[in-house]
Amino acid sequence: MRISLIGPVPPYRGGIAHFTTLLAKKLMAASHDVQVISFKKQYPAWLYPGESDKDESPGREQVDAEYLLSPLNPISWRETVRTIVAFKPEQVILPWWITFWGPAFHHIKNQLKRLGIPTTILIHNTLPHEARPWDRILAKRTLKGADRYIVMTEKERTRLLALLPNAKEIYIIPHPLYRLFTANQLSKKESRSRLGLPENKPIVLFFGFIRPYKGLADLIEAINIIRSQGMACHLLVAGEFWDKRATYDQQIKRLALEDYIHIFDKYIPDNEVSDYFNAADLFVAPYSEGTQSGVLKAALGFGLPAVVTDIIADSMVKNMPDRCEIVPPGDPEALAKGIIKKSSTPKLNPLQVDTLFDQSWRALVELLGNMPHQPEEIKQRQS
């Protein structure tokens, strides 16, 4: 099938860029002819809380792409449509995760629909995690009228139907695993030495942008509970704070955990990511809101066991009780019990991880590669 895929890819950073890159490569590996269209500009500086939305570190996984789209430039929207039409795709895959892209994606989707080119919207988040009043309007306007939708959890399907009660062709495919950060890995001992971490203590990892809904405060409380029970568990926090760090520093000081919690307050470029996952024994995602987590799937891609709240436990996670412990959100006691229970679970070996990784992408690639389409009708309308 000829497929046009729109979305961020390197040098842009973040989970959506990783996802788009892997999806393009998996579709190509399945013998599809894939056109990747990315962004000339992703966000204006005033909208992005981090230092930069790009990661220029060497060795990043790459995919050939045309960098055309700018969110506030309608000329780029029209250029994108022309480029897609010239490719003569049988399907266009459009990711959805933030309403800022609503006007651009709405224009592209409607122009493709007028030409009879089927559009699949791949939904990471129907609405932003911290939604504002206008987000529902923008999301509904953009998502309405697609040929089909792919969501990653039953909860996200419910959210989509609450927005578009008449939506048809909704498929649930769990978020696949990430395997983008595994080149030139160091051993656990080497990684801990590089990061200045204790060599022989259990280490729990919290990774990614620190935002209120991700539950770091609950995890700090859980570490205190574990310590009070005589287990010298350490917490490694790695990621850029998009919340007030002082609040967490005060909590750590109040609980006298300064020697047990190690914070790397920065964006972790791709070529350093493996150090943090290799140094850890266990990954924890104590989310209080959300629907899925790409960082969780990166952790599983490193072979780590995990403790997660049921907020982000998709069907894949629920079917891995030997690897993933599921606990309720907002409950440090339950989180502590889960960490203690999973702390002795060994990492998977590379062969086991490779098998799990390939299996995790199969359903999505097969679904996208078998969309009902009418190529002759599409060609006639395009001409």
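Crowding of D322 atom CG: a count of heavy atoms from other residues, nucleotides or ligands under 6.0 Å exceeding 12. The local environment of NZ in K140 is sparse, with at most 12 non-hydrogen atoms from other residues, nucleotides or ligands closer than 6.0 Å. Applying the 6.0 Å contact sphere to CZ of R141 captures no more than 12 heavy atoms from other residues, nucleotides or ligands.
With contacts defined as side-chain heavy-atom distances shorter than 4.5 Å, the pair P128/W97 does not qualify. Here the side chains of T247 and D243 are not in contact, with every heavy-atom distance at 4.5 Å or above. Counting heavy atoms from C-beta outward, T345 and E325 have side chains that stay 4.5 Å or more apart. Between R148 and I121 there is no side-chain heavy-atom pair separated by less than 4.5 Å. Between M231 and I340, the closest side-chain pair of non-hydrogen atoms falls below 4.5 Å. A 4.5 Å side-chain heavy-atom check between V317 and R323 finds every atom pair outside the cut-off.
With rounding to the nearest 0.5 angstrom, the CG atom of D281 is 8.5 Å from the OG atom of S343. Taking CG of L257 as the start and CD1 of I226 as the end, the distance is 10.5 Å to the nearest 0.5 Å. With rounding to the nearest 0.5 Å, the separation of CG in D33 from NZ in K88 is 13.5 Å. In this structure, the separation between NZ on K341 and CG on L282 is 12.5 Å, given to the nearest 0.5 Å. Separation of atoms OH (Y287) and CZ (R211) is listed at 9.5 Å; rounding is to 0.5 Å. Note that CZ of R179 and OG of S360 are 10.5 Å apart. Values are rounded to the nearest 0.5 Å.
I312 is not connected to L127 by any chain of hydrophobic side-chain contacts under 4.5 Å among Ile, Leu, Val, Met, Phe, Trp and Tyr, and they are in different clusters. Grouping the Ile, Leu, Val, Met, Phe, Trp and Tyr side chains by contacts below 4.5 angstrom, directly or via other members, places L255 apart from I225. When hydrophobic clusters are built by joining Ile, Leu, Val, Met, Phe, Trp and Tyr residues whose side-chain heavy atoms come closer than 4.5 Å, directly or via intermediates, L161 is not grouped with I137.
Listed by chain and number, the residues in a ring-ring contact (aromatic ring centres under 6.0 Å, His included) with F206 amount to none (sequence neighbours excluded).
Panel note: side chain N110, backbone H107; no donor-acceptor pair is recorded below 3.5 Å. Side chain of D310 to main chain of A313: no donor-acceptor pair is present (N/O by atom type, distance under 3.5 Å, no hydrogens or angles). Side chain of Q251 to backbone of A217: a donor-acceptor contact under 3.5 angstrom is found. Between the side chain of E366 and the backbone N or O of A363 there is no donor-acceptor pair closer than 3.5 Å. Side chain of S288 to backbone of Y213: a donor-acceptor contact under 3.5 angstrom is found. S70 places no side-chain N or O within 3.5 Å of a backbone atom of S76 that could act as its donor or acceptor partner. For H32 (side chain) and L27 (main-chain N/O), no donor-acceptor pair under 3.5 Å exists by modelled atom type. The backbone N or O of P329 lies less than 3.5 Å from no partner atom in the side chain of T309, so there is not a single donor-acceptor pair. Looking at K109, its side chain never comes within 3.5 Å of a backbone N or O of L143 through a donor-acceptor pair.
Looking at F277, F302, F283 one by one, the single match for ring-ring contact (aromatic ring centres under 6.0 Å, His included) with F207 turns out to be F277. The side chain to side chain donor-acceptor pair (under 3.5 Å) with T126 is formed by just one residue from the set R136, R157, E156; it is E156.
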Show the numbers, then the answer: is there a side-chain hydrogen bond (donor to acceptor under 3.5 Å, both in side chains) between S38 and E66? CA-CA 6 Å; S38 191; E66 298 178 75; over 6 Å; no

Carefully, step by step, assess R159 and E154 under the rule salt bridge (Lys or Arg N to Asp or Glu O under 4.0 Å). CA-CA 9 Å; R159 295 176 74 191; E154 181 62 43; over 6 Å; no

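A cation-pi arrangement is absent between R245 and Y248 under the rule of less than 6.0 angstrom and at most 45 degrees off the ring axis.
Looking at E272 and R194, no side-chain N of the basic residue comes within less than 4.0 Å of a carboxylate O on the acidic one, giving no salt bridge. Of the charged side-chain nitrogens involved, at least one lies within less than 4.0 Å of a carboxylate oxygen, so that K25 and E61 count as a salt-bridged pair. Remark: D275 does not engage R192 in a salt bridge, criterion side-chain N to carboxylate O under 4.0 Å. Looking at D147 and K113, no side-chain N of the basic residue comes within less than 4.0 Å of a carboxylate O on the acidic one, giving no salt bridge. Using a 4.0 Å cut-off between charged side-chain N and carboxylate O, R254 and D249 make no salt bridge.
In summary, the side chains of E221 and N224 do not present any donor paired with an acceptor at a separation below 3.5 Å, with no hydrogens or angles considered. Looking only at atom types and distance, the side chain of E79 has no donor-acceptor partner in the side chain of W77 under 3.5 Å away. Side-chain N/O atoms of Q91 and S4 include no donor and acceptor closer than 3.5 Å. Side-chain atoms of E169 and Y171 include a donor-acceptor pair closer than 3.5 Å. Residues R114 and Q111 bring a donor and an acceptor atom of their side chains to less than 3.5 Å of each other. Between the side chains of E190 and S193, not a single donor N or O lies within less than 3.5 Å of an accepting N or O. T153 and D314 share no side-chain donor-acceptor pair at under 3.5 Å.
The aromatic ring centroids of F39 and W101 lie less than 6.0 Å from each other. Aromatic pair Y267/W242: centroids not less than 6.0 angstrom apart.
Ring pair Y260/H234 is tilted by interplanar angle, where 30° to 60° counts as tilted.
Apart from W134 itself, the hydrophobic cluster it occupies contains L138, where clustering links Ile, Leu, Val, Met, Phe, Trp and Tyr at side-chain heavy-atom distances under 4.5 Å.
Among all heavy-atom pairs drawn from F264 and L195, the shortest one is CZ-O, 3.4 Å.
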